[in-house]
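Here the structure comes first, spelled out in structure tokens, and everything after it is commentary.
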Amino acid sequence: MSGFLAGLCVAVLPVLAAGIWLGRRGARGAKSLGGLGTPVEHATFETLHTASLAAPPLRAGLTEETARKSARKLRSLLGTDALCLTDREQVLVWDGDGAHHRDQIMERLGAALDTGRGEAFRLTCDTLDCSVRWAVVAPLTVDDRVHGALVACAPRESAVLVRAAGEVARWVSVQLELADLDQSRTRLIEAEIKALRAQISPHFIFNSLAVIASFVRTDPERARELLLEFADFTRYSFRRHGDFTALADELHAIDHYLALVRARFGDRLSVTLQIAPEVLPVALPFLCLQPLVENAVKHGLEGKADKCSIQITAQDAGAEALVVIEDDGAGMDPDLLRRILAREVSPSGGIGLSNVDDRLRQVYGDDYGLVIETAPGAGMKITVRIPKYQPGVHSAGRLTGE
């Protein structure tokens, strides 16, 4: 990641240099810069500000909508009479004069799109008052694949414009690469969620239905309540909207799950919850905590004849919510746990631990992976730190009434 950020800086600096050059032209004769210092400093500020306004739309990829939202800012960076953004098939947006040159531009783009090398060429035009007579093409590439082109149009040939257009195109390409990474991360998270859903134990489903069936004749009302618990749990687990959820919703799903487990094991399972109300709205990755509780039940209760206690706490820790899930069950060898988290061995009962750990690190960074304390016969304590505010992390909303 540090190498990528370094590359991002390398891509931004040339745009800044190009903007300073353009800013120097606009700053000539300026009497006052509102306390911003020299003309070069003023140009630097204006360039960074304009680039910051153009970046957000491009982070959604190269489409007609994102091109339309960013084109005017990009043209301002270059100071040209016209600018267009294209994909490999068509002009996505034309900003400025000379829009009648669209077809001519696309006819000349073939070589640049195939080779990934920029070029400049003269435009032919029968309109006498058209100010667009020259075009500079700079390909937009992501992972060595040409996705389209930035075309800057001007009244005359300019070597400086060729260089500036190339640098701005590099900056745009970085934004598109970030968009591609965001989409890849989203696809990865979706794949992880699908894998996690697939890990929901068939034994749990079978056992839950078997328990419900056992109450049908002896206690129909109890059977009805458990059937509703099962329906609510499966509805939440297999919902199709949103990569994130509220802590309140995740805890609600855990409550449904535990109701089904209690129905099966009765007094053998003791669960204590201590939840601070102020952390309930905190957003976190969907199906992030339920697998950890299921893991606690698996290690703490199944295969044992005696009782098991599980404690679930959620506390306010300033900028973070601190969630701890602890059981007094069989525990695990720490070396085996490390290998499970590294996906070196099959989890075999460690339901979703590596999945949840990976997703937390993807969303929040490596500092926010699972912290697990365990030893054979000593139970297991899992600590999850969740930042209250993280860019891009937003709950899909409460599911009540779905």
Side-chain angles (χ1 to χ4, degrees), residues 4-5 7-16 18-19 22 46-99 101-103 105-106 108-110 112-113 116 118 132 135-153 161 164-190 241-244 363 390-394 396:
F4 177 76
L5 292 177
L8 176 62
C9 293
V10 169
V12 169
L13 290 176
V15 177
L16 184 58
L22 293 168
E46 290 295 335
T47 300
L48 289 173
H49 179 64
T50 303
S52 69
L53 294 177
L58 295 171
R59 289 292 301 274
L62 187 61
T63 65
E64 289 187 16
E65 182 180 2
T66 61
R68 176 180 56 81
K69 291 179 178 180
S70 61
R72 184 155 299 180
K73 303 296 187 300
L74 296 176
R75 183 161 75 91
S76 176
L77 279 176
L78 292 171
T80 59
D81 293 64
L83 178 140
C84 75
L85 292 172
T86 82
D87 58 17
R88 297 189 64 90
E89 305 295 334
Q90 63 180 337
V91 172
L92 299 174
V93 65
W94 187 288
D95 189 76
D97 301 332
H101 287 290
R102 286 171 174 258
D103 293 340
I105 292 291
M106 288 307 301
R108 294 292 302 269
L109 281 185
L113 294 177
V132 175
V136 176
V137 177
L140 303 175
T141 61
V142 177
D143 293 333
D144 297 325
R145 292 179 290 111
V146 180
H147 284 222
L150 178 149
V151 183
C153 301
L161 179 59
E167 301 299 354
V168 172
R170 284 179 58 198
W171 179 82
V172 172
S173 295
V174 169
Q175 305 309 309
L176 297 179
E177 185 168 353
L178 289 171
D180 192 58
L181 287 174
D182 286 341
Q183 293 170 4
S184 296
R185 188 189 73 166
T186 298
R187 289 192 294 269
L188 180 60
I189 289 175
E190 290 175 349
H241 67 279
D243 295 327
F244 304 98
V363 173
Q390 178 79 1
V393 177
H394 305 285

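Any value given below was found using the heavy atoms of this structure, including those in side chains, with hydrogens, waters and symmetry copies removed.
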Considering non-hydrogen atoms only, spot the tightest contact between [X] and [Y] and give its length.
X: Leu176; Y: Gly61; answer: CD2-C, 3.8 Å
X: Leu113; Y: Arg88; answer: O-NH1, 3.1 Å
X: Val142; Y: His147; answer: CB-NE2, 3.8 Å
X: Ala165; Y: Leu78; answer: N-CD2, 3.7 Å
X: Val146; Y: Gly116; answer: CG2-CA, 3.7 Å
X: Val91; Y: Trp94; answer: CG1-N, 4.4 Å

[atom1]/[X] to [atom2]/[Y] distance, rounded to the nearest 0.5 angstrom?
X: Asp95; Y: Arg72; atom1: CG; atom2: CZ; value: 4.5 Å
X: Arg170; Y: Leu140; atom1: CZ; atom2: CG; value: 13.0 Å
X: Cys84; Y: Gln90; atom1: SG; atom2: CD; value: 11.5 Å
X: Ser173; Y: Leu150; atom1: OG; atom2: CG; value: 9.0 Å
X: Cys153; Y: Asp81; atom1: SG; atom2: CG; value: 8.5 Å

**Study point:** Carboxylate-amine/guanidinium contact Glu64 Arg68, below 4.0 Å
**Key:**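 Salt bridge absent between Glu64 and Arg68.
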**Study point:** Donor-acceptor under 3.5 Å (Thr86 side chain, Ala149 main chain)
**Key:**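 Checking the backbone N and O of Ala149 against the side chain of Thr86, a donor-acceptor pair under 3.5 Å is found.
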Point to revise | Under 3.5 Å donor-acceptor, Asp87 side chain and Glu89 backbone | key: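 Flag set: sc Asp87 to bb Glu89 pair under 3.5 Å.
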Review point. Under the criterion side-chain contact (heavy atoms from CB on, under 4.5 Å), which of Val93, Thr66, Thr63 is the partner of Leu85?
Key: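 Per the side-chain contact (heavy atoms from CB on, under 4.5 Å) rule, the option paired with Leu85 is Val93, out of Val93, Thr66, Thr63.
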